[in-house]
Amino acid sequence: MASADRSQGQGGRGVTVLRGTLRLLSGQLASKLLDMALLLLLARRLGVESFGVLTYATSFTLIFNVVTDLGLTTVFTREVARTPGRTREMLRSALRLKLALVPVTLSLVLGTALVLRTPPETLAMLAALTVAMSLGSLAGVYEGLLRAAGHPGRVGLALAVGSVSGLVVVALAWKGGVSVWTAVGAQVIAQTVHALVAVFSARAALRRDVVTADEGSPPALGALAMLRSALPLALSWVFIALYFRIDAVMLHTLKDSHAVGLYGGVYRIFEAFAMLTVGFRSVLFPLLARAADGPAEGLAVLCRKSLRLQALFTVLVAVAFGAVAEPLLVFVLGPGYAAAAPGLRVLLWALPGSFMADLLLHVLVAQGRPSAGTWVVGVTAALNIALNLVLIPRLSFVGAAAATVVSEVVCLALLYRVVSRGVPGVGLGALLVRPLLAGGATALALFVSVPHLPAGPWGVMLGLAVGTLVYGGALLASGGLGASDVAMVRGLLSRRAVRTGEVA
């Protein structure tokens, strides 16, 4: 009976995560579709060279994104999920720290740029992008509160409204001429609106869902305690920012703006998919934090199911979208980006490692062991920089894409080794076998069928449809999809709502 109860609890958790993820992803999907529309406008209007300048400035700024947060949002979300009665106290501490980090970040960005002898116009651009980045970081605190309180859909709403405002700015400037500065201004306005909506939503949630701390509640983390708890995670984010953003900066240094522009177009598509794991993990993380306080078996089951879903999805994306890479880029970004197709085919294979490594890193955070993952991402960052130094001069942006794939695979393998010591029974290798076999069968089918498909968007959609059908059929034939998946989907589609606090 106890075993059955545990099974039902885990099944309920799976449905909860999927429901919450769908609410969040509905907003994130709208946001990403709008961002892709904005990307289409900018890439076509600016051209590869100017788009390369924008990509360089954005990547340079985002290397310092960790300084705006220092891991505080993740620690804040974890603590609020555990002790909701102390939310207001911890919110004040987190906001004080975030506001203090804004001038620090600005000084570091501009100081580094001055050392590198950056032109004045680019310095101004970096300053504006840093302000936008800091606003997004402040919004993250309120979004963490919403996730911990079981309101992930409101996070998606804030993202979507911010994206709409950025798109409106570019659309209004379209007749008068769109420049790199138009794109920068759109980012500042989008993040300002995003932050305002997040604050309003969180404040409304606080008024309706006030939880009073009782005498038995643990004390709230103060600002210094929160910072100490976040610093090991912040060091990990430094390394992650390096190996996700340094490639564009190195391409600019070792090649030219044209190569950066091609890679920027490819990388934006990669990021559109990579953001899905942020939505999934942000809903999952409060459950991981609670499961980490219980038996290791419960955490292992939650990890196994989550990693399996990620593997099934990312292998399909890598195979199907890779097969239609060239017509997809032409349709989305314009004919000038057709030459970037080899880079996209390679880079999409970084998705499985990126999704699963991100989840495993947050398992360590949920267990209160963030420092255990710090050395892993440090090694990965060093490896990524070394690979970029070797591959970019030889293969240009395709080399940068290959460096990212290798780095993600190494990071996943090392993180799994660390996590499995404290959470045995996850079985990552077994989880990957069937998706990879189904992916191989799908790749073969697409290799035969894609050359015969019509050109343009209809060919892209038909290719993706063929890939999805073959992949799903291969999974069913190999037993990769079973009764538990059907039960989870049924629960997800049922009308009865399942709230996070009721099943956690």
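Note that these values count all heavy atoms, side chains included, but never hydrogens, waters or copies made by symmetry.
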Task: Residues Phe321, Leu344; criterion side chain to side chain contact (heavy atoms under 4.5 Å, CB included); working and verdict - done: CA-CA 9 Å; Phe321 280 84; Leu344 181 58; 6.0 Å; no
TODO: Could you tell me whether the side chain of Val260 reaches within less than 4.5 Å of the side chain of Phe397, counting heavy atoms only?
DONE: no
TODO: Please check if the side chain of Ser354 supplies one atom and the backbone of Ala350 the other of a donor-acceptor pair under 3.5 Å.
DONE: no
Open item on the list: Please check: side-chain N/O of Ser396 versus main-chain N/O of Ile392, any donor-acceptor pairing under 3.5 Å?
Closed with: no
Task: Beyond-backbone contact of Leu62 with Leu129, side-chain heavy atoms, under 4.5 angstrom - done: no
- [ ] Side-chain contact test, heavy atoms from C-beta onward, threshold under 4.5 Å: evaluate it for Leu333 versus Phe51 and give yes or no.
- [x] no
- [ ] Output the distance between atom CZ (Arg268) and atom OG1 (Thr58), rounded to the nearest 0.5 Å.
- [x] 5.5 Å
Task: Expected output: side-chain Lys98 to main-chain Asp69 donor-acceptor under 3.5 Å - done: no
Open item on the list: Suppose we screen for ring pair (Phe, Tyr, Trp, His ring centres under 6.0 Å). Which residues come up paired with His252, at least two apart in sequence or across chains?
Closed with: Tyr56
Open item on the list: Please check if the number of heavy atoms outside Phe273 that lie under 6.0 Å from its CZ is greater than 12.
Closed with: yes
Task: Test applied, side chain to side chain contact (heavy atoms under 4.5 Å, CB included); reference residue, Leu347; option that passes from Asp247, Val266, Ile269, Val398 - done: Val266
- [ ] State whether the side chain of Thr68 and the backbone N or O of Asn65 hold a donor-acceptor pair below 3.5 Å, judged by distance alone.
- [x] yes
Task: Backbone of Ala413 reached by a side-chain donor or acceptor of Arg417 within 3.5 Å - done: no
Task: Donor-acceptor contact below 3.5 Å, side chain Thr404 vs main chain Ala400 - done: yes
Open item on the list: Is it true that, when you exclude Glu121 itself, more than 12 heavy atoms of the residues, nucleotides or ligands shown sit nearer than 6.0 Å to its CD?
Closed with: no
TODO: Look at the side chain of Ser163 and the backbone N and O of Leu159, then say whether any donor-acceptor pair between them is shorter than 3.5 Å.
DONE: yes
Task: Heavy-atom side-chain proximity of Leu412 to Leu428 below 4.5 angstrom - done: yes
Task: Residue pair Trp375 / Val379, side-chain heavy-atom distance below 4.5 Å - done: yes
- [ ] Taking the side chain as every heavy atom from C-beta outward, state whether Leu364 and Leu360 have any pair of such atoms under 4.5 Å apart.
- [x] no
TODO: Pick out which of Leu110, Leu108, Leu106, Val67 makes a side chain to side chain contact (heavy atoms under 4.5 Å, CB included) with Thr130.
DONE: Leu106
TODO: Would you check if the side chain of Arg308 reaches a backbone N or O of Leu431 as a donor-acceptor pair within less than 3.5 Å?
DONE: no
TODO: Report yes or no: does Asn388 contribute a side-chain atom to a donor-acceptor pair with the main-chain N or O of Asn384 at less than 3.5 Å?
DONE: yes
- [ ] Find out whether Val346 and Pro342 are in side-chain contact, i.e. whether some heavy atom of one side chain is under 4.5 Å from a heavy atom of the other.
- [x] no
Task: From OG1 (Thr314) to CE (Met356), nearest 0.5 Å - done: 5.5 Å
- [ ] Please identify each residue that fulfils side-chain hydrogen bond (donor to acceptor under 3.5 Å, both in side chains) with Thr182, with sequence neighbours left out.
- [x] Ser179
Open item on the list: Do Glu49 and His258 make a side-chain contact, defined as non-hydrogen atoms from C-beta onward lying under 4.5 Å apart?
Closed with: yes
Open item on the list: Checking Trp174 now: which residues fulfil side-chain hydrogen bond (donor to acceptor under 3.5 Å, both in side chains) with it, not counting sequence neighbours?
Closed with: none
Open item on the list: Within this structure, what is the OH-OG distance for the pair Tyr263 and Ser59, rounded to the nearest 0.5 Å?
Closed with: 9.0 Å
Open item on the list: Quick one about Gln367 and His362 (side-chain donor to acceptor, distance below 3.5 Å, no hydrogens or angles considered), yes or no?
Closed with: no
Task: Rounded distance (nearest 0.5 Å) linking atom OG of Ser50 with atom CG of Leu54 - done: 9.0 Å
Open item on the list: Would the distance check show the side chain of Thr55 and the main-chain N or O of Gly264 forming a donor-acceptor pair, the cut-off being under 3.5 Å?
Closed with: no
